[in-house]
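The structure under discussion appears below in the form of structure tokens.
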Amino acid sequence: MQEIIIVTGGSRGIGAATVRKAAERGYAVCINYRSNHKAAERLRDEIIRGGGKAIAVAADVSVEEDVLRMFEIVDKQLGPVTALVNNAAILPKAKPVREMTFDRVHEVFTTNVIGPFICAREAIKRMAKSCGGNGGRIVNVSSIVAKYGSPNEANDYSGSKAALEVLTIGLAREVSAEGIRVNAVRPSMIHTDMVAHRLHRAKHVHPLQRPGTPEEVANTIMWLLSEEASYAAGAIVDVNGGR
Ligand code: NAP
């Protein structure tokens with residue numbers, strides 16, 4: 001039976017590296033994204049040219065109707081999902097808490113916490129044995145700042161990632177008996193558009209003296225999705241250059 005994966009925010013960065021590796025391993029892939037059609041369609045075409053199966057679906061994970069529509073498209077075009085990577089997130093401009101607007105904080109939490117929550121809910125409905133599914137795997141993409149906070153820059157973002165981590169643990173305990181393993185990765189600074197302006201710091205703050213690559217995070221995500229990680233549930237795996 002073919003594995004079917006949804007990678008939210010799969011068109012760029014860590015998500016795109018995960019999409020490529022999943023396609024190489026024979027998954028049919030839904031590349032979710034928000035608005036950059038070109039990047040998503042280019043990646044979809046690359047996967048299809050390489051002999052894989054992929055669709056690109058624009059859906060804002062912070063909007064419930066979008067998420068419901070995306071899962072319905074996947075049901076129809078690929079089949080019921082067997083793996084979900086909750087990767088999409090936003091990191092707004094650096095600011096101290098005293099300057100953060102309600103709207104900014106609301107958008108961060110809606111995208112980075114409620115989005116993955118609703119995606120996980122829809123995936124579980126399709127994966128859970130008690131709902132007629134065959135089990136599945138969910139990997140959430142957290143961040144090292146869930147441990148340390150992000151003072152003067154993004155304490156909203158770090159708070160959202162801490163929430164995602166406890167959701168990972170709680171969900172793992174809730175759905176393991178349903179045949180669903182839920183885990184997370186916790187990257188430090190990774191060479192993507194999201195932190196392009198901060199990369200110069202990487203050499204000084206990481207014992208490995210460099211930022212990570214999207215592929216290095218994707219490798220860990222793929223491992224958590226695989227049978228090699230069959231006894232990992234509720235784990236949060238650091239991929240952080242030793243930081
Ligand atoms: P990125 O390069 O900025 O790519 C973000 C992806 O998410 C794009 O595909 C984007 O789609 C999509 N996206 C953004 N908002 C969305 C929404 N509301 N609905 C659906 N898709 C949305 O990001 P990245 O650096 O690869 O980060 C991926 C994950 O790793 C995030 O969870 C991030 O918090 C985490 N992380 C990153 C780092 C790092 O240093 N890069 C470190 C720790 C953790 P569009 O192109 O259409 O906008």
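Residue numbers run from 1 in the order of the sequence given. Counting convention: from 1, in listed order, for ligands and their atoms alike.
The shortest N or O to N or O distance between P187 and ligand 1 is not below 3.5 Å. In terms of N/O distances under 3.5 Å, ligand 1 is not approached by Y33. An N or O contact shorter than 3.5 Å links N87 to ligand 1 by distance. Some N or O of I190 is nearer than 3.5 Å to an N or O of ligand 1, by distance alone. Residue M189 has no N or O atom closer than 3.5 Å to an N or O atom of ligand 1. Checked by distance only, ligand 1 and S62 stay at 3.5 Å or farther apart across all their nitrogen or oxygen atoms. Inclusion of T111 in the set of residues having an N or O under 3.5 Å from an N or O of ligand 1 is not warranted.
Look at V195 and you'll find a heavy atom under 4.0 Å from some atom of ligand 1. The closest approach between a heavy atom of G212 and any atom of ligand 1 is not below 4.0 Å. Ligand 1 is never approached by P214 to a heavy-atom distance shorter than 4.0 Å. Judged by the shortest distance from any of its heavy atoms, A59 lies inside the 4.0 Å radius around the atoms of ligand 1. Put simply, no part of R198 is less than 4.0 Å from ligand 1, judged by heavy atoms. Contact analysis leaves A39 out of contact with ligand 1, as no non-hydrogen atom separation drops below 4.0 angstrom.
In this structure, a donor-acceptor pair under 3.5 Å is absent between the side chains of N134 and K129. Side-chain contact annotation: S188 with N240, donor-acceptor N/O pair under 3.5 Å absent.
For ligand 1, the atoms closer than 4.0 angstrom to any heavy atom of N36 are 45 (P), 46 (O), 47 (O). Listed by number with element, the atoms of ligand 1 under 4.0 Å from a non-hydrogen atom of N32 are 20 (C), 21 (N). Of all the atoms in ligand 1, the ones that sit under 4.0 Å from a non-hydrogen atom of S11 are 8 (C), 9 (O), 11 (O), 46 (O). Ligand-side atoms of ligand 1 in range of A89: 14 (C), 31 (C), 32 (O), 34 (O), range being under 4.0 angstrom from any heavy atom. Applying the 4.0 Å criterion to heavy atoms of S188 picks out, from ligand 1, the atoms 38 (C), 40 (O), 42 (C), 43 (C).
Heavy atoms from other residues, nucleotides or ligands lying under 6.0 Å from CZ of F109 number more than 12.
Only the side chain of I90 comes within contact range of ligand 1, with a heavy atom under 4.0 Å; no backbone atom does. With a 4.0 Å heavy-atom cut-off, ligand 1 is reached by the side chain of K161 but not by its N, CA, C or O. With a heavy-atom cut-off of 4.0 Å, A16 does not touch ligand 1 at all.
Ranking the protein heavy atoms by distance from atom 30 (O) of ligand 1 puts V141 CG1, 3.3 Å first. The protein heavy-atom contact nearest to atom 37 (C) of ligand 1 is I14 CD1, 3.9 Å. At the shortest separation from atom 13 (N) of ligand 1 among protein heavy atoms lies A88 CB, 4.0 Å. Protein heavy atom at the shortest distance from atom 18 (N) of ligand 1 is D60 OD1, 2.8 Å. From the protein, the heavy atom lying nearest to atom 3 (O) of ligand 1 is M194 CB, 3.5 Å. Among protein heavy atoms, the minimum distance from atom 36 (N) of ligand 1 is reached at Y157 OH, 3.7 Å. Of all protein heavy atoms, the one lying nearest to atom 48 (O) of ligand 1 is R12 NH2, 3.4 Å. Of the protein's non-hydrogen atoms, the one nearest atom 12 (C) of ligand 1 is G9 CA, 3.4 Å.
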